[in-house]
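Have a look at the structure below, then the notes.
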Amino acid sequence: MRSAPALPQVQDGDAMAAIDLGSNSFHMILAQHTLGQLRVVDRLRETVRLADGLDGHGGLAAPARQRALDCLARFGQRLRGVSRLHVRALATNTVRRLRQPQAFLAAAEAALGHPIEVVSGREEARLIYLGVAHAQPPKPGQLRLVIDIGGGSTEFIIGRGFDPVERESLQAGCIASTRRFFPSGRLSKKKWKDALTEISAEFQQFAGVYRALGWQEALGSSGTHKSIGEICAAMKLTKGAITAEALPLVRDRLLQASSIDRIDLPGLSGERRPIIAGGLLVLEAAFQALGLQKLLVSKAAMREGILYDMLGRGGDNDPRDASVQSLTSRYGIDEVQVARVERTALRLFAQAAQDWALDDDDARMLGWAAHLHELGLTLAHSHYHVHGAYILEHSDIAGFSRQEQQVLAALVRTHRRSVPRAAFDALPDRLLLSARRKAALLRLAVLLHRAHDDDPIPMLELTATEDGLRLVVQRAWIEARPLLRADLLGEKENMPGLGIEFEPMVV
């Protein structure tokens with residue numbers, strides 16, 4: 001599905017940038033689009049250890065926060081000259097766990113000079129798989145397992161070709177597991193055995209499904225796998241792969257140390273030493289739970305996936321279109337009706353866009369909201385807008401960041417009845433005004449099609465001002481529809497909840 005304008009396509013020679021705000025390291029990759037391919041021109045990586053700053057209540061310690069902001073400011077300097085439309089920055093597990101993420105994100109966006117989106121664990125998994133699949137193209141029809149051990153979480157994906165089939169995110173990463181199981185820094189075989197038992201139990205929620213599906217090749221991405229592969233090579237156990245035979249030998253060598261700061265593993269960097277125990281623990285649990293025999297190491301990760309996802313968004317492969325269509329089918333949405341609403345919403349959008357500073361991104365979001373506004377009807381007609389908003393906010397929807405889902409949820413929540421004061425509270429300030437304006441346009445489109453019929457709507461003249469809308473309708477048409485007339489008059493009372501004064505006029 002695609003009725004709203006597409007995002008501007010990346011042109012030959014354009015620069016692109018992807019930023020990955022991980023729980024351990026922040027990465028930035030810059031590439032140039034050349035002859036349909038991406039050519040990497042620069043990579044930046046800084047160890048930030050954001051997850052080290054998390055407390056048990058969703059707070060972030062000042063030193064970790066400052067390390068993050070300083071790093072993003074340096075990244076921002078390198079981004080000068082790259083179009084805003086071709087920069088995408090994503091935050092992962094640690095930011096997901098913050099009690100007040102907007103307090104951190106506002107400062108982080110100011111330091112970087114670009115918006116930062118938060119993605120769910122399963123969306124993170126999709127992007128990781130996309131990056132690995134493009135860096136190491138799979139064989140046709142072959143199933144592939146990809147594991148990414150980050151600082152705060154570990155993602156597991158089974159995919160075929162460039163498409164994930166199964167995606168899971170486990171709340172166990174190299175930093176989080178080191179802090180959880182070895183808080184004092186002391187190491188022992190008993191501590192390791194107890195930790196392995198505890199973390200292995202968490203794999204049971206999906207291990208059976210994964211093993212039943214199977215795979216022909218397994219790859220590990222990101223720093224933990226790279227470090228363990230280098231250790232295996234330095235110990236002359238493998239040539240860089242990680243195997244079921246090598247892993248216990250690496251673990252036994254690690255446990256010769258009585259504490260984390262005494263770990264002595266060949267090929268291990270000093271930077272990785274403080275968190276290798278947690279990473280190795282998660283990997284050993286994964287090998288046992290999934291019956292792994294060999295894991296190859298991939299150089300690609302989520303940051304490469306972000307770049308290829310940006311290309312898809314500007315072309316014919318935007319995963320969000322497929323996700324909206326999937327939701328439409330799953331929830332039995334009346335596609336004829338929502339298509340009517342979508343067309344009218346975009347007609348109104350075209351007349352208001354310039355005065356309201358709305359762009360193609362806004363048009364696409366409005367189109368998706370129109371397509372999904374009746375989603376909650378599958379549960380109940382009463383308060384269906386509330387049900388639909390809840391589903392949209394709390395589901396893992398491929399291609400959408402958390403902020404994008406929150407915007408969709410707010411538009412669906414406010415497309416009818418009165419507007420709750422808290423309807424837009426989850427949105428960052430930068431999205432608030434445009435979201436309220438899109439909500440006003442969606443409300444009008446839904447009202448105009450309340451009859452669910454195919455009668456054409458005559459010319460509509462919409463005028464937008466800073467905080468107002470005026471809709472001019474033809475007298476003969478509206479007088480033949482007394483219910484619609486009453487609804488439009490009612491909007492004079494409801495739309496101020498969006499901060500917009502509405503004036504219907506009959507000519």
Name all pairs fulfilling the side chain to side chain donor-acceptor pair (under 3.5 Å) condition that reach into residues 240-256, sequence neighbours left out, sorted by first residue then second.
-> Arg251-Glu284
Results of side chain to side chain donor-acceptor pair (under 3.5 Å) for Asp70 - residues two or more places apart only = Gln66
Do Thr178 side-chain atoms and Gly278 backbone N/O form a donor-acceptor pair below 3.5 Å?
-> yes
So, Asp429 and Gln102: side-chain donor and acceptor under 3.5 Å apart, yes or no?
-> no
Test side chain to side chain donor-acceptor pair (under 3.5 Å) applied to Gln136 - qualifying residues, sequence neighbours left out | Ser298
With sequence neighbours left out, what residues match Trp192 under ring pair (Phe, Tyr, Trp, His ring centres under 6.0 Å)?
-> Phe182
Kindly write out the residues that satisfy salt bridge (Lys or Arg N to Asp or Glu O under 4.0 Å) with Glu166, not counting sequence neighbours, or none if the list is empty.
-> none
Kindly write out the residues that satisfy side chain to side chain donor-acceptor pair (under 3.5 Å) with Arg122, not counting sequence neighbours, or none if the list is empty.
-> Glu168
With sequence neighbours excluded, what pairs up with Arg78 under the salt bridge (Lys or Arg N to Asp or Glu O under 4.0 Å) test?
-> Asp42
Under 3.5 Å: donor-acceptor pair, side chain of Arg88, backbone of Met16 | no
Take Asp396 and Arg167 through the test salt bridge (charged side-chain N to carboxylate O under 4.0 Å, His left out) and record every step on the way to the result.
-> CA-CA 10 Å; Asp396 286 330; Arg167 299 172 293 151; over 6 Å; no
Tell me, which pairs form a ring pair (Phe, Tyr, Trp, His ring centres under 6.0 Å) where one or both residues lie in residues 135-181, sequence neighbours left out?
-> His134-Phe162, Phe156-Phe203, Phe156-Phe206
Give the intermediate values and the outcome of salt bridge (charged side-chain N to carboxylate O under 4.0 Å, His left out) for residues Arg402 and Glu117.
-> CA-CA 7 Å; Arg402 281 196 170 184; Glu117 303 168 81; over 6 Å; no
The salt bridge (Lys or Arg N to Asp or Glu O under 4.0 Å) partners of Arg67 (sequence neighbours excluded) come to none
Test side chain to side chain donor-acceptor pair (under 3.5 Å) applied to Ser153 - qualifying residues, sequence neighbours left out = Glu155
Residue pair Glu123, Arg96: steps toward the salt bridge (charged side-chain N to carboxylate O under 4.0 Å, His left out) verdict | CA-CA 12 Å; Glu123 176 63 4; Arg96 289 196 294 266; over 6 Å; no
Are the side chain of His225 and the backbone N or O of Ser221 linked by a donor-acceptor pair below 3.5 Å?
-> yes
Output every pair passing ring pair (Phe, Tyr, Trp, His ring centres under 6.0 Å) with a member in residues 89-118, not counting sequence neighbours, ordered by first then second residue.
-> none
Identify, with sequence neighbours excluded, every residue that meets salt bridge (Lys or Arg N to Asp or Glu O under 4.0 Å) alongside Arg430.
-> Glu109
Say whether, by atom type as modelled, one donor and one acceptor occur between the side chain of Ser434 and the main chain of Leu431 under 3.5 angstrom.
-> yes
Are any side-chain N or O atoms of His373 and backbone N or O atoms of Ala370, one a donor and one an acceptor, separated by less than 3.5 Å?
-> yes
Checking Gln288 side chain against Leu283 main chain: does a donor-acceptor pair fall under 3.5 Å?
-> no
For Leu105 and Gln403, which heavy atoms make the closest approach, and how far apart are they?
-> CD1-NE2, 4.0 Å
Does a side-chain heavy-atom distance below 4.5 Å link Asp261 with Arg273?
-> no
Residue pair Ala363 / Leu346: nearest heavy atoms and the distance that separates them = O-CD2, 3.6 Å
Sidechain-backbone polar pair: Arg437 side chain, Trp356 backbone, donor-acceptor under 3.5 Å = yes
Check whether the ring centres of Phe400 and Trp368 lie less than 6.0 Å apart, and answer yes or no.
-> yes
Is Arg347 salt-bridged to Glu342, cutoff N-O under 4.0 Å?
-> no
Closest approach of Ala68 and Leu50, non-hydrogen atoms and distance?
-> CB-CD1, 3.8 Å
Between Ala426 and Glu393, what is the shortest heavy-atom contact and its length?
-> CB-OE2, 4.4 Å
Does the Gln216 side chain pair with the main chain of Leu143, one donor and one acceptor, at a distance under 3.5 Å?
-> yes
